[in-house]
Amino acid sequence: MPEMPEVETIRRSIAARVTGRRIEAVEVRRPKFVEPHAPEEFTDLVVGRRIAEVDRRGKYLILRLAEARSRPAGEVVIHLKMAGRLLVCRSGEVLEPTLQKHTHVVFRLEGGEELRHIDLRHFGRVSYVPGARDHLGYAAHPKLRGLAELGPEPLSPDFTVEYLKAGLARRKTRIKPLLLDQSFVAGLGNIYADESLHRARIHPERRANDLKPREVQALHEAIQTVIAEAIAHRGTTIATYVDGEGKRGDFAAMLLVYGRGGEECFSCGTPIKRVILGGRSTHFCPRCQKLPGAKKPAAPTKKLARTIVRGQQKVV
DNA sequence: AAGGGCCCCTGAAAGC
DNA sequence: TGCTTTCAGGGGCCCT
């Protein structure tokens with residue numbers, strides 16, 4: 001479910017509530033989630049320790065555990081995958097039955113609150129890694145290889161136009177699946193990949209090494225803009241996403257193509273196309289995002305008579 | 001080395 | 001109405 005803007009929103013929403021708190025108890029209700037550790041093992045590693053910081057890399061959320069006497073630093077790394085939530089609750093608070101049923105790991109904190117990992121689809125993971133920011137540690141953990149190999153954060157200084165240009169030049173795969181590759185850029189998921197390509201006016205099936213310098217520039221800007229705006233709007237809630245306090249995100253109202261198959265493009269009125277690429281649903285405007293060499297799609301049947309205001313874009 | 005297919009799960013929505 | 005099918009925002013693994 002959550003992509004980088006949603007995970008960042010969750011991070012911000014829980015940081016003030018859990019930073020500096022001691023973990024008094026841990027309840028692992030489904031052992032699978034903390035593998036390869038056994039539940040008792042995981043609990044022993046974490047209980048009694050203080051959360052020094054809540055961090056994020058890509059779609060991974062990281063609870064940094066403070067170093068203490070006889071206990072080296074360590075990290076609890078959480079991946080929410082498609083349907084996961086992290087909720088701060090009052091101790092003992094009873095949620096709706098579906099959420100109760102799929103609550104898998106509970107961290108009981110000093111002060112009477114709990115951090116709960118909830119996942120309706122059981123795809124997520126809660127991992128323990130010794131050390132801090134230790135890429136070798138991540139690489140050695142069977143569930144965290146992806147974290148060890150993560151590409152640059154889209155809003156970090158590392159993610160330059162030059163990086164993108166050089167990376168694209170080396171790949172001949174289609175651009176959309178490449179944007180979902182977390183070792184290439186960290187944090188983009190299906191929604192923001194489609195939205196970025198639309199804003200950059202690039203067809204999702206274009207070959208990466210085929211993009212013109214101007215297009216690479218536009219894509220770089222689009223990725224940064226979309227991600228920054230999505231964070232500003234506290235993420236995209238389509239069905240179930242909520243932050244650490246149960247609040248929905250507002251960015252769904254700003255989506256230009258994602259989930260709009262068959263509806264009119266806000267720029268030109270052409271119906272948005274929905275296709276499957278690399279096994280993922282992909283949305284684009286066949287007129288605004290042309291494939292070179294392809295026939296021009298038919299002009300929209302009717303001119304847009306009204307002014308459409310959508311997010312920050314205003315199109316006549 | 002890189003790309004495609006399949007799989008992990010459950011619930012909601014669409015289809016019949 | 002109710003049963004069945006399809007689909008979902010992620011990503012790891014295996015195969016070619």
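We use all heavy atoms of the structure for the numbers below, so side chains are in, but hydrogens, waters and symmetry mates are not. Letters A, B, ... are given to chains in the order of the sequence lines, protein chains preceding strands, and every chain is numbered from 1.
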Asker: State whether the number of non-hydrogen atoms from other residues, nucleotides or ligands found under 6.0 Å of A/E41 atom CD is greater than 12.
Answerer: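 Count over threshold, so yes.
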Asker: Heavy atoms under 4.0 Å, any strand shown: does A/Y60 hit a base, just sugar-phosphate, or nothing?
Answerer: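 Sugar-phosphate only.
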Asker: Side chain of A/R274 only, please: which of C/dG12, C/dC13, C/dC7 is the nearest?
Answerer: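 Given the options C/dG12, C/dC13, C/dC7, the side chain of A/R274 is closest to C/dC7.
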Asker: Send over the distance from A/R171 CZ to B/dG4 P, rounded to a whole Å.
Answerer: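 Rounding to the nearest Å, CZ of A/R171 and P of B/dG4 are 11 Å apart.
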Asker: Does A/Y258 have a side-chain nitrogen or oxygen under 4.0 Å from the phosphate oxygens OP1 or OP2 of C/dG9?
Answerer: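 Yes, within the criterion.
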Asker: Any chance you could measure A/L155, atom CG, to A/Q224, atom CD, to the nearest 0.5 Å?
Answerer: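 Answer for the CG-CD pair, A/L155 versus A/Q224, is 6.0 Å.
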Asker: To the nearest Å, give me how far apart CZ (A/R174) and P (B/dG3) are.
Answerer: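 So the two atoms are 9 Å apart, to the nearest Å.
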Asker: Nearest-Å distance, CZ (A/R207) to P (B/dG3)?
Answerer: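 In whole Å, B/dG3 P lies 8 Å from A/R207 CZ.
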Asker: For B/dG3, does either OP1 or OP2 sit under 4.0 Å from a side-chain N or O belonging to A/T173?
Answerer: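 For B/dG3, OP1/OP2 do have a side-chain N/O of A/T173 under 4.0 Å.
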Asker: Rounded to whole angstrom units, what separation is found between the CD atom of A/E149 and the P atom of B/dA1?
Answerer: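 These atoms are roughly 12 Å apart.
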Asker: Side chains of A/S91 and A/E114: donor-acceptor distance under 3.5 Å anywhere?
Answerer: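 Yes, A/E114 and A/S91 have a side-chain donor paired with an acceptor closer than 3.5 Å.
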Asker: Where along nucleotides 6-12 of chain B does protein come under 4.0 Å, by heavy atom, of base (B) or sugar-phosphate alone (S), with - for untouched nucleotides?
Answerer: --BBBS-
Asker: Rounded to whole angstrom units, what separation is found between the CZ atom of A/R170 and the P atom of B/dA2?
Answerer: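 After rounding, the gap between these two atoms is 8 Å.
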Asker: Should the pair A/E8-A/R56 be classified as a salt bridge under the 4.0 Å nitrogen-to-oxygen rule?
Answerer: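 So A/E8 pairs with A/R56 through a salt bridge.
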Asker: Against the six-membered ring of A/F266, is A/R260 placed for a cation-pi contact (under 6.0 Å from the centre, within 45° of the normal)?
Answerer: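 Cation-pi check for A/R260 and A/F266: passes.
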Asker: Say we look at B/dA14 and C/dG9: how far apart would their P atoms be, to the nearest angstrom?
Answerer: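 Per the computed distance, 15 Å lies between those P atoms.
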Asker: Rounded to the nearest 0.5 Å, what separation is found between the OH atom of A/Y60 and the CG atom of A/L150?
Answerer: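 Answer for the OH-CG pair, A/Y60 versus A/L150, is 6.5 Å.
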Asker: Would you mind reading off the distance between A/E205 atom CD and B/dG4 atom C1', rounded to a whole angstrom?
Answerer: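 From A/E205 CD to B/dG4 C1': 14 Å.
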Asker: For A/R125, which contact category applies under a 4.0 Å heavy-atom criterion: base, sugar-phosphate, or nothing?
Answerer: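 Answer is nothing: A/R125 stays at 4.0 Å or more from every strand.
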Asker: Without decimals, in angstroms, what is the distance between A/L178 CG and C/dG11 P?
Answerer: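 These atoms are roughly 14 Å apart.
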Asker: Touch check for A/R145, heavy atoms < 4.0 angstrom, all strands: base, sugar-phosphate only, or nothing?
Answerer: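 Touches sugar-phosphate only.
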Asker: With both distances under 3.5 Å as the test, what is the Watson-Crick or G-U wobble partner of C/dG9?
Answerer: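 Partner of C/dG9: none.
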Asker: Show the numbers, then the answer: is there a side-chain contact (heavy atoms from CB on, under 4.5 Å) between A/L115 and A/I14?
Answerer: CA-CA 9 Å; A/L115 185 64; A/I14 69 171; 4.2 Å; yes
Asker: Using the C1' atom on both, measure C/dG12 against B/dG11 and round to a whole Å.
Answerer: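 Their C1' atoms lie roughly 23 Å apart.
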Asker: Please report the distance, rounded to the nearest Å, between CG in A/L188 and P in C/dG11.
Answerer: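 These atoms are roughly 10 Å apart.
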Asker: With respect to the phosphate group of C/dG11, does any side-chain polar atom (N or O) of A/Q182 fall under 4.0 Å of OP1 or OP2?
Answerer: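 Affirmative; the distance criterion is met.
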Asker: Taking A/E245 as the fixed residue, which of A/R90, A/R17, A/R12, A/R85 is the one that meets the salt bridge (Lys or Arg N to Asp or Glu O under 4.0 Å) rule?
Answerer: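 So, applying the salt bridge (Lys or Arg N to Asp or Glu O under 4.0 Å) to A/E245 and each of A/R90, A/R17, A/R12, A/R85, only A/R17 qualifies.
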Asker: So does A/R280 reach the base of C/dG9 with its side chain, donor to acceptor, closer than 3.5 Å?
Answerer: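 Check fails, no donor-acceptor contact within cut-off.
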Asker: Classify A/K143 by what it touches in the nucleic acid, base, sugar-phosphate, or nothing, heavy-atom distance under 4.0 Å.
Answerer: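 Contact class for A/K143: none.
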Asker: Contact class for A/T236 (heavy atom, under 4.0 Å): base, sugar-phosphate, or nothing?
Answerer: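 A/T236: base contact, heavy atoms under 4.0 Å.
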Asker: Between A/G187 and A/P142, which residue's closest nucleotide on DNA chain C lies nearer the 5′ terminus?
Answerer: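 Of the two residues, A/G187 wins.
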